[in-house]
Protein chains: 2
Amino acid sequence: MFAAHSDASVKPSPIGLGRCATSPAAAHHAAATVAPTWMANMLAPGSTLVQAERDGEIIAQGAAVDCCYQVISGCVRTVMLLEDGRRQIGEFLFPGDLVGCDAAGEHGFGAEAVTPATLCRIPLRAIDERAARDQSFARELHHYMAAQLRGARARLVLLGRKTAGERVASFILEMQERLDLPRHEAIDLPMSRADIADYLGLTIETVCRGLTELRRGGLIGIDRTRILIHDGHALGRAGSEHLH
Amino acid sequence: MFAAHSDASVKPSPIGLGRCATSPAAAHHAAATVAPTWMANMLAPGSTLVQAERDGEIIAQGAAVDCCYQVISGCVRTVMLLEDGRRQIGEFLFPGDLVGCDAAGEHGFGAEAVTPATLCRIPLRAIDERAARDQSFARELHHYMAAQLRGARARLVLLGRKTAGERVASFILEMQERLDLPRHEAIDLPMSRADIADYLGLTIETVCRGLTELRRGGLIGIDRTRILIHDGHALGRAGSEHLH
DNA sequence: CGTAAGATTGATCAGAGTCAACGTACGTGG
DNA sequence: CCACGTACGTTGACTCTGATCAATCTTACG
């Protein structure tokens, strides 16, 4: 057990702030969070606030697209369910992130709240119009989507070529980065082992074993939902973050 | 063996500029679904034509980003190589597609020619400027990136949750769609089994077995690089294309 | 305090990887 | 034109990682 204040798992979104920055090390592994700095601005015209409770559905898979959402607080997952029940989580979204902004026609992925969450529902038209008017908004939107694309592609490598242990190690580092915690601060994961498993293309049991392995190796400490990174460097190596 | 008349299936581009095939082999692999219609326009300012021979490097993994490329003819793959030699192909690109337009700082993925290819090298600045000036260009760029994002996420499901057999079936359907061939026309795959394997997160042998299985089931015909779809419906089912 | 949901650990199984052999097309040069 | 060599594709035998099935433990909560 390790000490660690049990602050809410997800930081309230400081308006107008940004979790900017991809650290040099960060550039290597999945999903550099782009800090949309324009959060507050999205709230303006025709958009409404939406609350979702834990596991509540925000977007139904296959639903017609008319709007997208920006996460204000809490954690959200995008989900693709196959006929036979197999599930893949597309991504975890944190305050500032956009959900469904890439859809065309219908939402390929659904969206659900991992924790109680607040979102801002924005008509797609409003985004189009604003992008047309506001040059720098358009540019930021473009950068955001580019970052999403980089993140998705980094996960292709993870899912296509990494071992179970490597996936788990990479995941911890990704979450540390995305939750933007100070060094030596425990990560309080908002999602269950089942969510992690479906994000990493593994089973719950394999995720557990991966975590246990890292703990036994002294790389991390585990206290239920909280993870403390003891040796980030070794964790990077364990996750094969290093490239050719 | 099936018929397979090897007529050049190269369609003229929507906007002048034919998708010129550089080799007989390349002639088959023509249009891409997402192929933007603004192909010709990209050629304008400060951009240069680049030729790449088979397996030639177009972008080095980790190279600094200063420009991106548009495929004019041929087929290109994006590649991520891990330290120990494991390889993941990010995507296959066809005429009209953009390579490296999402990069920030450095190219996470490298790019190599699958067939002899011609590309148009475009300074990123030129794209930014044009997007700033030209409203509809910016919108198309946005739509293109959204489509890329949808494609990448569909592959997350494939890599995370689909079996080997399903991946192979899905792959054939994806290629049929992307190469935009008339129904009942054989698909002439430009890439090797090794490329397919690294695209699907499998080994060469497993890809072969998957193909053989589909052939035995009567869903497809195989003649080396050429694939003929006998039963697209069944292939969709075999690939679990059906959703929840 | 009792129940339920989630997490962890163990034992066994199966799907895909690895290793190996063989087949087939193609290009080169005699 | 044929012989050979090489690269690629296919098939088979065996192995191993991660899935499945099952039991136990922990924590949260009514």
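Just so it is clear: chains get the letters A, B, ... in the order the sequence lines come, proteins before strands, and each one is counted from 1.
Side-chain contact annotation: S240(A) with E83(B), donor-acceptor N/O pair under 3.5 Å absent.
A 4.5 Å side-chain heavy-atom check between D97(B) and R178(B) finds at least one atom pair inside the cut-off. Residues M175(A) and F92(A) meet the side-chain proximity criterion, which asks for heavy atoms closer than 4.5 Å. Residues L202(B) and F171(B) fail the side-chain proximity criterion, which asks for heavy atoms closer than 4.5 Å. Looking at L158(A) and E166(A), their side chains never come closer than 4.5 Å, going by heavy atoms from C-beta outward.
Listed by chain and residue number, nothing satisfies the ring-ring contact (aromatic ring centres under 6.0 Å, His included) test with F109(B) (two or more places apart in sequence, or in another chain).
Near DNA chain D, meaning a heavy atom under 4.0 Å from it, residues 200-209 of chain B has I204(B), E205(B), C208(B), R209(B) in order of number.
Across the protein-nucleic acid pair, E213(A) atom CD and dT17(D) atom P stand 12 Å apart, rounded to whole Å. Here dT24(C) presents its P atom at 17 Å from CZ of R226(B), a figure rounded to the nearest Å. Rounded to whole Å, the distance from CG on D195(B) to C1' on dA7(D) is 14 Å.
Comparing the local axis fitted to the first five base pairs of the helix from dC1(C)-dG30(D) to dG30(C)-dC1(D) with the one fitted to its last five gives a bend of 30°, rounded to 10°.
Here T212(A) reaches the OP1 or OP2 of dT9(C): one of its side-chain N or O atoms lies under 4.0 Å away. The phosphate of dG9(D) has neither OP1 nor OP2 within less than 4.0 Å of any side-chain N or O from R215(B).
Side chain of T78(B) to backbone of E91(B): a donor-acceptor contact under 3.5 angstrom is found.
Nearest-nucleotide positions on DNA chain D place R224(B) closer to the 5' end than the other of R161(B) and R224(B).
Electrostatic pairing of R87(B) and D195(B) counts as a salt bridge here, judged by a charged N lying under 4.0 Å from a carboxylate O.
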